[in-house]
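First the proteins, then the strands, lettered A, B, ... as listed; each starts at 1.
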Amino acid sequence: MTSADTTADDQSERYDPHTIERRWQRVWADEGTWEVANPGQPGFDAEDPKAYVLEMLPYPSGEPHMGHLKVYSVGDAIAHFRRRHGHNVVHPMGYDAFGLPAENNAIKTGEHPRTATEKSIAAFREQFKSWGISIDWTREIGTHDPDYYRWTQWIFLKLYEQGLAYRTEAHVNWCPKDATVLANEQVIDGHCERCGTLVEQRRLEQWFFKITDYADRLLEDAAELDWPENVLTMQRNWIGRSEGAEVVFSCEQPALEFPVFTTRPETLFGATFFVLSPEHPEIERIAAGTGQEDAVRDYVNEAARSTSEERGAEDRPKTGVPLGREVVNPVNGERIPMFVADYVLMEYGTGAIMAVPAHDERDHEFAETYDLPIRRVIEGDELPYAGDGAMVNSGRFDGKDNREAYTEIVAWLESEGRGKPAINYRLRDWLVSRQRYWGAPIPFVYCDKDGIVPVPADQLPVLLPEIEDYAPKGKSPLAAAEDWVNTECPVCGGPARRETDTMDTFVDSSWYFLRYLDPGNEELPWAREVADYWMPVDQYIGGVEHAILHLMYARFFTKALADMGLLAAQEPFANLFTQGMITRDGAKMSKSKGNVVSPAEYVERYGADAARTYICFMAPPVKGGDWSDEGAEGVFRFLARVWRLSREVAERCGSSAGAETPDGASGEARELLAKAHWAIDKVTRDIDPRFQFNTAVSAVMELVNDVYRLKDGLYDDPAGSAAVRFATATAASLLFPFAPHLGSEVYEQLTGERVWEQPWPKADPALLEHDTYTLIVQVNGKLRDRIEVATSASEEEILELARGSEKVGAHLDGGEVVKEVVVPGKLVNIVVR
RNA sequence: GCCGGAGUGGAGGAACGGCAGACUCGCGGCACUCAAAAUGCCGUGCCCUUCGGGGCGUGUGGGUUCGAAUCCCACCUCCGGCACCA
């Protein structure tokens with residue numbers, strides 16, 4: 001179309017999302033429509049039930065992408081839905097503003113991470129507002145704000161008081177490119193989660209949070225959560241609880257005891273050798289004086305050099321070196337040789353294992369390689385055999401079932417003081433130190449006299465110093481800020497040095513949902529009565545990529561904070577919804593593939609309502625969805641169709657106040673009202689328990705299609721006209737959670753009312769019932785006829801009608817009727833032979 | 001290897017064990033128009049058809065059932081998670 005074709009008059013007749021969207025956004029901003037009061041504040045209504053609707057907070061980098069549009073579109077629909085069900089809804093927004101990308105940018109360009117971050121925040125905020133998301137903006141936070149990280153530091157100190165934060169030297173994952181340590185959770189296949197660089201092992205003094213103390217509670221309480229099963233499974237696997245026994249092997253020369261963890265204590269008689277991890281602290285002592293010193297040292301050094309990926313490689317042959325010593329098997333006094341081998345990990349169990357080659361695949365492989373004895377102790381398939389069976393070669397346990405032997409052997413070990421039942425976890429403590437600039441400083445100082453000293457709470461926040469050079473040098477860039485580093489000890493007043501590491505940004509996001517509730521509180525991170533009113537989050541929405549990291553850390557924090565008496569909630573997120581990823585041409589959107597669709601571009605072209613509604617319509621939100629420009633445009637056309645309908649209906653039917661279901665309709669008017677109530681019922685059920693927004697939107701499309709189909713025959717009759725107006729207003733009302741601007745516009749046009757102030761419509765059961773229905777008639781399970789029958793018809797009557805059908809008769813074909821199945825309200829199936 | 005999830009038209013996707021393919025896109029047709037766009041309406045799984053209808057169809061092969069996309073078993077493919085955790 002050329003501009004010459006467009007007259008001024010045409011313009012006013014065209015659906016113009018920008019005008020409509022700006023108009024309503026201004027109303028909501030001016031009136032503070034989405035602001036909600038806390039307990040004790042004016043306007044707070046204790047009578048209403050509460051709902052905390054929360055999407056995962058965004059990391060502000062550049063501009064929002066489609067994933068953001070999706071998560072906030074989904075969350076906003078829920079927030080609107082709950083509000084119109086009479087809930088006090090808190091729906092806040094903030095920014096996970098510390099982190100590496102801003103800092104890496106600073107290294108490249110010299111731009112302060114704060115400047116870049118705040119630029120991004122401004123862009124995010126502006127776009128979120130242009131999307132019309134119903135956020136209470138008075139609660140906005142940024143985790144990089146000293147008013148926020150002051151409390152992150154405060155919580156760190158609280159954890160320290162409780163013994164849940166500690167500093168120790170440990171083998172840690174080190175990313176040479178980012179020049180920082182990483183948590184186990186941030187190492188993917190031996191590579192840095194962020195930059196993909198191969199991770200190295202280093203031994204460093206680091207801060208940890210003792211999440212392992214909560215392993216059992218994190219595991220048990222997961223059962224109570226209304227979360228997707230796959231997320232719960234991932235968390236269970238990550239915690240990796242295994243039950244077994246600790247068994248003590250002793251070494252005579254040098255005199256040492258070696259506890260090992262095993263899940264198969266009943267195979268103890270099959271232990272034919274013993275293996276230590278290369279990182280085991282006693283290695284050198286054991287090998288000393290055996291003539292194996294050099295070989296062992298070489299092996300240990302080699303293991304230290306190799307990366308965790310090399311060591312973890314799938315088909316890597318087992319290697320090891322004899323230590324030249326023996327340990328004694330406590331069940332039979334047998335001496336078995338000791339080895340050092342890198343298939344034993346120092347981080348799990350005790351860093352030592354008893355090797356049972358007959359019943360463990362790895363031990364078997366090692367025994368084959370080094371020609372070590374293999375002794376079967378459980379009958380069964382070929383070796384290595386990991387199943388159950390009767391015990392053999394196990395002294396007085398022979399012939400017993402292995403499960404039974406398990407219990408008896410553990411009991412016997414315990415009575416002898418050589419073992420006990422034990423539980424091991426895969427979960428490790430959370431390493432939180434980062435040798436980077438752009439994060440919350442860890443609030444401690446080191447004093448020669450007083451050691452590790454927490455910064456007193458009244459001296460918080462420990463502000464990030466301004467520095468010149470952000471480039472990592474193997475220690476934190478903060479170390480260069482001499483004036484800042486050198487301080488005085490809070491205990492003795494003597495000279496002391498500040499901790500120069502900053503916190504993992506997952507610490508920031510482990511409690512943000514609490515700060516939203518009381519963001520202005522200067523005395524405490526939140527007032528307990530406020531948190532206890534709102535918590536837990538009733539509906540949390542975000543990507544499944546945070547199934548382990550963020551969601552586990554936030555659960556841990558919540559439990560720890562509850563244990564300190566700061567909170568009643570034991571779990572942060574009662575319900576979790578994980579949205580699927582939006583792809584383009586079947587592939588993840590990425591700059592390198594050049595298939596990125598930016599929300600801003602689309603919103604500019606078709607409006608926020610169309611963008612949001614399309615996101616909800618393209619696929620069930622839990623699944624991914626492939627972005628198609630044509631499909632998106634189709635939704636825009638649908639919204640325009642609604643808008644045009646609304647103009648026409650307002651003109652033809654008038655815009656009387658309210659949207660009550662008109663009484664006394666019959667014929668097509670009644671049919672339309674019934675359709676409207678069907679849509680109410682369908683949309684309501686699709687939104688709430690099902691999160692099937694795509695079928696909810698399609699139900700509204702069906703309703704609108706029916707209005708178009710029937711309207712011309714109804715305008716002239718008052719009852720018909722009322723039905724058309726009601727159906728159209730209902731469509732707007734049901735569309736509102738997805739397309740809030742257009743929903744508001746149309747609803748106001750037809751009723752004079754504000755849709756968000758109206759309760760969510762309720763389907764009238766009387767209108768969901770029909771006088772007749774289409775009976776399906778099958779012969780041998782195949783559809784042969786459809787008959788319109790009265791809803792009131794009895795089974796006998798239905799059967800009579802079915803038998804009487806000509807089409808059915810043609811298929812009975814003289815066969816013998818052996819069975820007739822009648823499902824009233826649905827179908828008849830006649831079985832012939 | 002282990003643990004999840006998913007395979008339905010040309011595409012995205014619908015379908016409490018009971019009409020397979022709602023809704024949308026795309027495509028075809030009609031109306032409006034000088035014409036086009038926009039809009040409105042109709043059609044659109046595949047094959048056969050005497051136009052009444054008939055056959056086949058939800059990854060593959062079996063099974064349960066009056067009846068299976070849906071439940072069960074085996075297999076294939078794809079996606080996600082974990083992976084030397086003793």
Enquirer: Among the nucleotides B:rG12, B:rG67, B:rG4, which one has an atom lying closest to any side-chain atom of A:Asn829?
Expert: B:rG67

Enquirer: Report the relative orientation of the aromatic rings in A:Phe366 and A:Phe339; use parallel for angles under 30°, tilted for 30 to 60°, perpendicular for over 60°.
Expert: perpendicular

Enquirer: Quick one: A:Met701 CE to B:rG13 P, roughly how many Å, whole number?
Expert: 15 Å

Enquirer: Return the orientation label for the A:Trp643 and A:Tyr15 ring planes: parallel under 30°, perpendicular over 60°, tilted otherwise.
Expert: tilted

Enquirer: Rounded to the Å, how far apart are A:Arg14 CZ and B:rA38 C1'?
Expert: 8 Å

Enquirer: Check whether the side chains of A:Ser242 and A:Asn424 place a donor and an acceptor atom closer than 3.5 Å, and report yes or no.
Expert: no

Enquirer: Check the angle between the aromatic planes of A:Tyr553 and A:Trp430 and answer parallel, tilted or perpendicular using the 30° and 60° thresholds.
Expert: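 Aromatic pair A:Tyr553/A:Trp430 classed parallel.
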
Enquirer: Which of the following nucleotides, B:rG4, B:rA86, B:rG18, is nearest to the side chain of A:Val823?
Expert: B:rG18

Enquirer: Whole-Å distance between B:rA37 P and A:Arg637 CZ?
Expert: 13 Å

Enquirer: Heavy atoms from C-beta onward define the side chain here; which of B:rA86, B:rC23, B:rG13 lies closest to that of A:Pro620?
Expert: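 Nearest to the side-chain atoms of A:Pro620, counting from C-beta on, is B:rG13.
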
Enquirer: Between A:Asp626 and A:Leu827, just flag the one whose closest nucleotide in RNA chain B comes earlier from the 5' side.
Expert: A:Asp626

Enquirer: If you count heavy atoms of other groups shown closer than 6.0 angstrom to CD of A:Glu788, is the number above 12?
Expert: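 Yes, CD of A:Glu788 has more than 12 neighbouring heavy atoms, counting only those of other groups under 6.0 Å.
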
Enquirer: When you measure from the side-chain N and O atoms of A:Asn694 to the phosphate of B:rC23, is any distance below 4.0 Å, counting only OP1 and OP2?
Expert: no

Enquirer: Rounding to the closest angstrom, what is the interatomic distance between B:rU64 and B:rG13 at atom P?
Expert: 34 Å

Enquirer: A:Asn237 near the nucleic acid: base, sugar-phosphate alone, or nothing, with a heavy-atom cut-off under 4.0 Å?
Expert: nothing

Enquirer: Could you give the distance separating B:rG12 and B:rA22 at their C1' atoms, to the nearest angstrom?
Expert: 13 Å

Enquirer: Considering only side-chain heavy atoms of A:Ile353, which listed nucleotide, B:rA86, B:rG40, B:rG67, is closest?
Expert: B:rA86

Enquirer: So A:Glu820, base contact, sugar-phosphate only, or nothing? Heavy-atom distance under 4.0 Å.
Expert: nothing

Enquirer: Check the distance between B:rA86's P and A:Tyr385's OH and give it to me in whole angstrom.
Expert: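 The answer, rounded to whole Å, is 18 Å.
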
Enquirer: When rounded to the nearest Å, what value does the distance between C1' atoms of B:rG18 and B:rA68 take?
Expert: 10 Å

Enquirer: Do A:Asn237 and A:Arg426 have a side chain donor and acceptor closer than 3.5 Å?
Expert: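 No, A:Arg426 and A:Asn237 have no side-chain donor paired with an acceptor closer than 3.5 Å.
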
Enquirer: Taking the minimum atom-to-atom distance to the side chain of A:Asp342, which one of B:rC23, B:rA14, B:rC84 wins?
Expert: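 It is B:rC84.
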
Enquirer: Checking all strands, does A:Thr263 fall into the base, sugar-phosphate, or nothing category for heavy-atom contacts under 4.0 angstrom?
Expert: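 Since only primed, P, OP1 and OP2 atoms lie under 4.0 Å of A:Thr263, the category is sugar-phosphate.
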
Enquirer: Give the rounded distance in Å between these two atoms: CZ of A:Arg426 and P of B:rC3.
Expert: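 My rounded result for the distance is 16 Å.
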
Enquirer: Find the distance A:Glu702:CD to B:rA22:P and express it as a whole number of Å.
Expert: 10 Å

Enquirer: What interatomic distance, in whole Å, is found between C1' of B:rA69 and the corresponding atom of B:rG59?
Expert: 12 Å

Enquirer: Of the options B:rG13, B:rC41, B:rG26, whose atoms approach the side-chain atoms of A:Ala619 most closely?
Expert: B:rG13

Enquirer: Ignoring hydrogens and angles, state whether a donor on the side chain of A:Tyr343 or A:Asp363 is under 3.5 Å from an acceptor on the partner side chain.
Expert: yes

Enquirer: Report the distance from atom CZ of A:Phe617 to atom P of B:rC25, rounded to the nearest whole Å.
Expert: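 Computing the A:Phe617:CZ to B:rC25:P distance gives 8 Å.
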
Enquirer: From the options B:rG40, B:rG18, B:rC84, select the nucleotide whose nearest atom is closest to the side chain of A:Arg644.
Expert: B:rG40

Enquirer: Using a 3.5 Å limit on both distances, find every run of at least three consecutive Watson-Crick or G-U pairs that involves RNA chain B.
Expert: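 The stems are B:1-7 with B:76-82, B:10-12 with B:23-25, B:26-31 with B:39-44, B:45-48 with B:53-56, B:59-63 with B:71-75.
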
Enquirer: Which residues pass the ring-ring contact (aromatic ring centres under 6.0 Å, His included) test with A:Tyr385, not counting sequence neighbours?
Expert: none

Enquirer: Under 3.5 Å, is there a donor on one side chain and an acceptor on the other for A:Tyr299 and A:Thr319?
Expert: yes

Enquirer: Taking any heavy-atom pair under 4.0 Å as a contact, classify A:Phe638: base, sugar-phosphate, or nothing.
Expert: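 Since no nucleic acid heavy atom lies under 4.0 Å of A:Phe638, the category is nothing.
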
Enquirer: In whole Å, measure the gap between the P atoms of B:rC34 and B:rC25 for me.
Expert: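 Per the computed distance, 28 Å lies between those P atoms.
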
Enquirer: Check the surroundings of atom CD in A:Glu257: do more than 12 heavy atoms from other residues, nucleotides or ligands lie under 6.0 Å from it?
Expert: yes

Enquirer: Whether A:Arg236 contacts B:rC82 is assessed here as follows: a side-chain N or O lying under 4.0 Å from the phosphate OP1 or OP2. Is that the case?
Expert: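 Looking at the OP1 and OP2 atoms of B:rC82, neither is under 4.0 Å from any side-chain N or O of A:Arg236.
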
Enquirer: Tell me what A:Gly349 touches on the nucleic acid: a base, only sugar-phosphate, or nothing, going by heavy atoms under 4.0 Å.
Expert: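 The residue A:Gly349 makes no contact with any strand.
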
Enquirer: On RNA chain B, nearest-nucleotide positions of A:Ser698 versus A:Val544: which is more 5'?
Expert: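 Between the two, 5'-proximity favours A:Ser698.
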
Enquirer: Work out how far the P atom of B:rG45 is from that of B:rG28, and round it to whole angstrom.
Expert: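 These two P atoms come out 16 Å apart once rounded.
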
Enquirer: Provide, to the nearest angstrom, the distance between the CG atom belonging to A:Asn705 and the C1' atom belonging to B:rC23.
Expert: 8 Å

Enquirer: Syn or anti for B:rG5, given that syn means the glycosidic angle lies within 90° of 0?
Expert: anti

Enquirer: Since syn is defined as within 90° of 0, does B:rG52 count as syn or as anti?
Expert: syn

Enquirer: Check whether any side-chain N or O of A:Lys711 sits under 4.0 Å from OP1 or OP2 of B:rC41, and answer yes or no.
Expert: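 Checking B:rC41 against A:Lys711, no side-chain N or O comes under 4.0 Å of OP1 or OP2.
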
Enquirer: Hey, are A:Tyr708 and A:Glu648 close enough side-chain-wise for a donor-acceptor pair under 3.5 Å?
Expert: no

Enquirer: So if I take every side-chain heavy atom of A:Gln692 and compare against B:rA86, B:rG40, B:rA15, which nucleotide ends up nearest?
Expert: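 Of the candidates, B:rA15 comes closest.
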
Enquirer: B:rC2 and B:rC56: how far apart are their P atoms, nearest whole angstrom?
Expert: 39 Å

Enquirer: Taking B:rU77 as the reference, what is the distance to B:rU58 when you measure between their C1' atoms (whole Å, please)?
Expert: 16 Å

Enquirer: What's the closest nucleotide to the A:Phe261 side chain, out of B:rA86, B:rC66, B:rC23?
Expert: B:rA86

Enquirer: Would you indicate, yes or no, if B:rA86 has its OP1 or OP2 atom less than 4.0 angstrom from a side-chain nitrogen or oxygen of A:Ser242?
Expert: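 Looking at the OP1 and OP2 atoms of B:rA86, one of them is under 4.0 Å from a side-chain N or O of A:Ser242.
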
Enquirer: Within the 4.0 Å heavy-atom criterion, would you say A:Arg709 contacts the bases, only the backbone, or no part of the nucleic acid?
Expert: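 Result for A:Arg709 = nothing.
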
Enquirer: Need one value for A:Thr774: base, sugar-phosphate or nothing, where a base atom within 4.0 Å counts as base even if backbone is also close, heavy atoms only.
Expert: nothing

Enquirer: Select one nucleotide: of B:rG54, B:rU39, B:rA86, the one nearest the side-chain heavy atoms of A:Arg784.
Expert: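 For A:Arg784, the side-chain atoms sit closest to B:rG54.
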
